[in-house]
Engineer: 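Have a look at the structure that comes next, please.
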Amino acid sequence: MNGFAAIKNKYRSASRYNQILRVLIKYGFEDLVHYLEKSKRFTIVQRLIPQASRKHAKMHSKWAKMRLVCEELGPTFVKFGQIMSSHPDLIPLELVIELEKLQDNVPPMLESEAKDMVESELKDSINNLFAWFDPKPFASASIAQVHLATLHSGDRVALKIQRPGIKEIIIQDIKVMYTIAEVLEKRIPSLKSFDPLGLVKNFETSILKELDFIHESINVQRFYNNITQDEDRELYAHAPKVFQKYTTAKVLALEFIDGIKINKIDLLEEKGFDCKIIARRLAKSYFKQIFEYGFFHADPHPGNLLVLPNGHICYLDFGMMGSILPRDIITFGQLFMAITKKDVKKIIRALQHLSSNTSITNMRALEFDINEFVENHYVRAVHKNEMSTIMLELKDIIIAHGIKVPSHFFLFARSLVTIEGVIQKLDPELDQFAMVRPYLIKIVAKKFNPARIGEKTLNSLYEFGNYMEEFPRDLKNAIRKINSGQVKVDLTHKGIDPMVHTMQRVTKQLVTAFIMAALIIGASLFIISEVEPLWKGYSIIGIVCIVITLILAFGMLHNVSKGDYDNRE
């Protein structure tokens, strides 16, 4: 049986591979097929394509043809295109725009298939599970479709049901994608810089997560908790609840939300809503997700945003979410604050903090491009208050200088473009920078909070103490290895002076930090113990220690603000 299954899988892969070749030829990608075709059947495959189909395909642009290829090849390639549209660092902007138009044109599955999937996953009959179940789908897509149902408790739910066999189809297509990527890497060396195999691997990880509805339910619950636990009474945001009892890897049960799509401006006004207020609420809830929660909705298009009868905004579809590290949130805040102050050095420093490769090959060229970007931004009359424009222009500079930033940077940029399009329709005059400024100030203030600095200093002291405790043993082991000939050193002198300078500067700052920590601890003890002499009930020695600490802190901050440009050409 195993042998038969293997033969069957190979036949399916070969059949799918040939189908892909035919579709590529149909849309005029003969050069690409020539590289992919190993067995010289290129002319035979070409003859299988009707001339009428090929003439029709010539009416579209190159980028539009790529979108049409994805649509014709089905769910896996549609999803691949949609995920690639969130990576403007890897593909041209024109192709990004086209891939964002990708639609799932798939007819709904049979009613019996939907019921069988629910009963199989939830281990019970539809009648026992629900008081009412609508056999006709409320919405349909390539991976799943949504049915409305009512629980016996009276709660209305939106039941997302995965298409039977879709996971097996996608896994089979991914195998074909790996084959194509491998061939392209071998036969077209110029494509290696795009890492085709890496792109397929990234897609495989993303799509398998999307196929697991447990993962999506965790996203929904996390988003829901962020909103419900927020003490801001003016947030006006909402997310559906998850019904865990009715949720599995292939069935997701969410609270059914009834509202008006946020882009239905006429209907909103007819119902008495002020679109300017809705725009402000949407902007505020989104900026909170980025700069406070560090977990944001990465696909906030109008279809995923509803205005509820009470004026709250409800987010839907949590398959694509972005997550940002706390330190990156601080860096984002510093980046935007530096842009508002036209501080080129701080902008570069923020990009370096975001980057996984902080080495800049040509610092002068980067400074020039950043300076041009800042100056152009401040004289621009159109798109001046749009953060997405800033992010997209920065994206071009980042790519041009080979700076590798986290993937959530581009996800953030893409979602900003989407949500700003919604905000512009609701209120074209809304100053988004004025909305985001309080969050930026709060983030920067949090970084320089004395309590936070003190905590970090104490943690550093603790870690340094542990390091010093282990240092003699590590040194002893290193000497043993050197004596036994296990360690060989090949030292090349290249640019050693700047490195020594940097090490000296870091050492001075580290010593200063230790002194500050000791002074803070000492001052606290003097003041708590009320050690004489006293001034207004406070120990003068403790006060002097605090003053010295502040002087040292300002000196350290001044040195840090100057930056380190040892890698400058």
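Source: prediction; values computed, not measured.
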Engineer: Working to the nearest 0.5 angstrom, can you tell me the gap between Asn219 CG and Phe318 CZ?
Structural biologist: 8.5 Å
Engineer: Could you report the tightest heavy-atom contact between Pro137 and Pro108, atom names first, then the distance?
Structural biologist: CG-CB, 3.6 Å
Engineer: Within the side chain of Gln145, is there an N or O that forms a donor-acceptor pair under 3.5 Å with the backbone of Met109?
Structural biologist: yes
Engineer: Measure the OG-CG distance between Ser217 and Leu254 for me, rounded to the nearest 0.5 Å.
Structural biologist: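 Rounded to the nearest 0.5 Å, the OG-CG separation comes out at 8.5 Å.
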Engineer: Take Tyr246 and Phe130 through the test ring-ring contact (aromatic ring centres under 6.0 Å, His included) and record every step on the way to the result.
Structural biologist: CA-CA 10 Å; Tyr246 302 91; Phe130 306 106; 5.8 Å; yes
Engineer: Considering non-hydrogen atoms only, spot the tightest contact between Leu306 and Ile257 and give its length.
Structural biologist: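 Scanning both residues completely, I find the closest heavy atoms to be CD1-O, 3.8 Å.
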Engineer: Just jot down the side chain to side chain donor-acceptor pair (under 3.5 Å) partners of Ser415, sequence neighbours excluded, or say none.
Structural biologist: Tyr286
Engineer: Kindly indicate whether the side chain of Val157, heavy atoms from C-beta on, has any atom under 4.5 Å from the side chain of Glu255.
Structural biologist: no
Engineer: Using a 3.5 Å distance criterion without hydrogens, assess whether the side chain of His297 forms a donor-acceptor pair with backbone atoms of Asn304.
Structural biologist: no
Engineer: Drop me the distance from Leu430's CG to Cys275's SG, to the nearest 0.5 angstrom.
Structural biologist: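 Leu430 CG to Cys275 SG: 12.5 Å, rounded to 0.5 Å.
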Engineer: Could you pull out the closest heavy-atom pair between Arg156 and Thr150, with the gap in Å?
Structural biologist: CG-OG1, 4.3 Å
Engineer: Would you call Asp427 and Arg280 a salt bridge, using N to O less than 4.0 angstrom?
Structural biologist: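 Judged by the 4.0 Å cut-off on N to carboxylate O distance, Asp427 and Arg280 do not form a salt bridge.
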Engineer: Can you check side chain to side chain contact (heavy atoms under 4.5 Å, CB included) on Leu252 and Glu216, steps first, answer last?
Structural biologist: CA-CA 8 Å; Leu252 175 61; Glu216 185 173 348; 3.7 Å; yes
Engineer: Regarding His401 and Asn362, do their side chains bring together a donor and an acceptor under 3.5 Å, going by distance alone?
Structural biologist: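 Short answer, no.
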Engineer: Do Thr76 and Arg16 have side-chain atoms, one donor and one acceptor, less than 3.5 Å apart?
Structural biologist: no
Engineer: Do Phe336 and Met391 touch side chain to side chain, with heavy atoms closer than 4.5 Å?
Structural biologist: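 SC-SC contact between Phe336 and Met391 confirmed.
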Engineer: Could you walk me through whether Phe412 and Ile290 pass the side chain to side chain contact (heavy atoms under 4.5 Å, CB included) check?
Structural biologist: CA-CA 8 Å; Phe412 177 28; Ile290 298 291; 3.6 Å; yes
Engineer: Looking at every heavy atom in both Phe296 and Ser323, which two are closest together, and how far apart are they?
Structural biologist: CE2-N, 4.2 Å
Engineer: Does Lys160 make a cation-pi contact with Phe213 (under 6.0 Å, within 45 degrees of the axis)?
Structural biologist: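 Pair Lys160/Phe213 counts as cation-pi.
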Engineer: Would you check if the side chain of Asn376 reaches a backbone N or O of Glu372 as a donor-acceptor pair within less than 3.5 Å?
Structural biologist: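 Answer holds: yes.
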Engineer: Answer yes or no: is there a side-chain heavy-atom contact under 4.5 Å between Ile324 and Phe295?
Structural biologist: no
Engineer: Atom OG1 in Thr179, atom CD1 in Ile174: separation rounded to 0.5 Å?
Structural biologist: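 These two atoms lie 12.0 Å from each other.
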Engineer: Does NZ belonging to Lys264 count more than 12 external heavy atoms closer than 6.0 Å?
Structural biologist: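 Atom NZ in Lys264 is not crowded, with 12 or fewer foreign heavy atoms closer than 6.0 Å.
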Engineer: Would you say the side-chain atoms of Thr331 pair up with the backbone N or O of Leu354, donor to acceptor, closer than 3.5 Å?
Structural biologist: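 No; zero donor-acceptor contacts below 3.5 Å.
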Engineer: Nearest 0.5 Å please: distance from the CG atom of Asp317 over to the NE2 atom of His301.
Structural biologist: 6.5 Å
Engineer: Is the side chain of Glu119 donor-acceptor paired with the backbone N or O of Ser125 at a distance under 3.5 Å, no angle test?
Structural biologist: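 No; zero donor-acceptor contacts below 3.5 Å.
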Engineer: Do the rings of Phe133 and His147 sit parallel, tilted or perpendicular, given the 30° and 60° boundaries?
Structural biologist: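 Geometry flag for His147 against Phe133: parallel rings.
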Engineer: Considering all heavy atoms of both residues, which atom of Gly303 and which atom of Leu316 are nearest to each other, and what is their separation?
Structural biologist: O-CD1, 4.3 Å
Engineer: Apply salt bridge (charged side-chain N to carboxylate O under 4.0 Å, His left out) to Glu210 and Lys79, showing your working.
Structural biologist: CA-CA 10 Å; Glu210 193 169 338; Lys79 285 294 174 186; 2.9 Å; yes
Engineer: Let me see the working for Phe80 and Asp173 under side chain to side chain contact (heavy atoms under 4.5 Å, CB included), right down to the final yes or no.
Structural biologist: CA-CA 11 Å; Phe80 181 73; Asp173 277 351; over 6 Å; no
Engineer: Below 4.5 Å, heavy atoms only, C-beta onward: do Gln172 and Met177 meet side chain to side chain?
Structural biologist: no
Engineer: On a heavy-atom basis, which atom in Leu235 and which in Ser285 lie closest, and how many Å separate them?
Structural biologist: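 Answer, listing the atom of Leu235 first, then Ser285: CD1-CA, 3.9 Å.
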Engineer: I would like to know whether Thr247 and Ile214 meet side chain to side chain contact (heavy atoms under 4.5 Å, CB included); could you show each step before the answer?
Structural biologist: CA-CA 7 Å; Thr247 296; Ile214 296 292; 4.3 Å; yes
Engineer: Does the plane of the ring in Phe287 sit parallel, tilted or perpendicular to the ring in Tyr439? Use 30° and 60° as the thresholds.
Structural biologist: tilted
Engineer: For a 4.5 angstrom cut-off between non-hydrogen side-chain atoms, does Tyr224 reach Val242?
Structural biologist: no
Engineer: Does a side-chain heavy-atom distance below 4.5 Å link Leu95 with Met66?
Structural biologist: yes
Engineer: Return the CD1 to CG distance between Ile166 and Leu211, rounded to the nearest 0.5 Å.
Structural biologist: 7.5 Å
Engineer: For side-chain hydrogen bond (donor to acceptor under 3.5 Å, both in side chains), just list the numbers for Gln289 and Tyr315, CA-CA rounded to whole Å, side-chain angles, deciding distance to a tenth of an Å, and then say yes or no.
Structural biologist: CA-CA 12 Å; Gln289 293 171 41; Tyr315 290 79; 3.2 Å; yes
Engineer: Tell me whether Glu113 contacts the main-chain N or O of Leu110 through its side chain, where contact means a donor paired with an acceptor under 3.5 Å.
Structural biologist: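 Between the backbone of Leu110 and the side chain of Glu113 there is a qualifying donor-acceptor contact (under 3.5 Å).
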Engineer: Under the 3.5 angstrom rule, does the side chain of Arg67 hit a backbone N or O of Gly81 as a donor-acceptor pair?
Structural biologist: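 Not a single qualifying donor-acceptor pair exists.
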Engineer: Between Ile348 and Ile370, is any pair of side-chain heavy atoms under 4.5 Å apart?
Structural biologist: yes
Engineer: Answer whether the closest heavy-atom distance between the side chains of Leu335 and Leu394 falls below 4.5 Å.
Structural biologist: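 In short, these two side chains touch, coming nearer than 4.5 Å.
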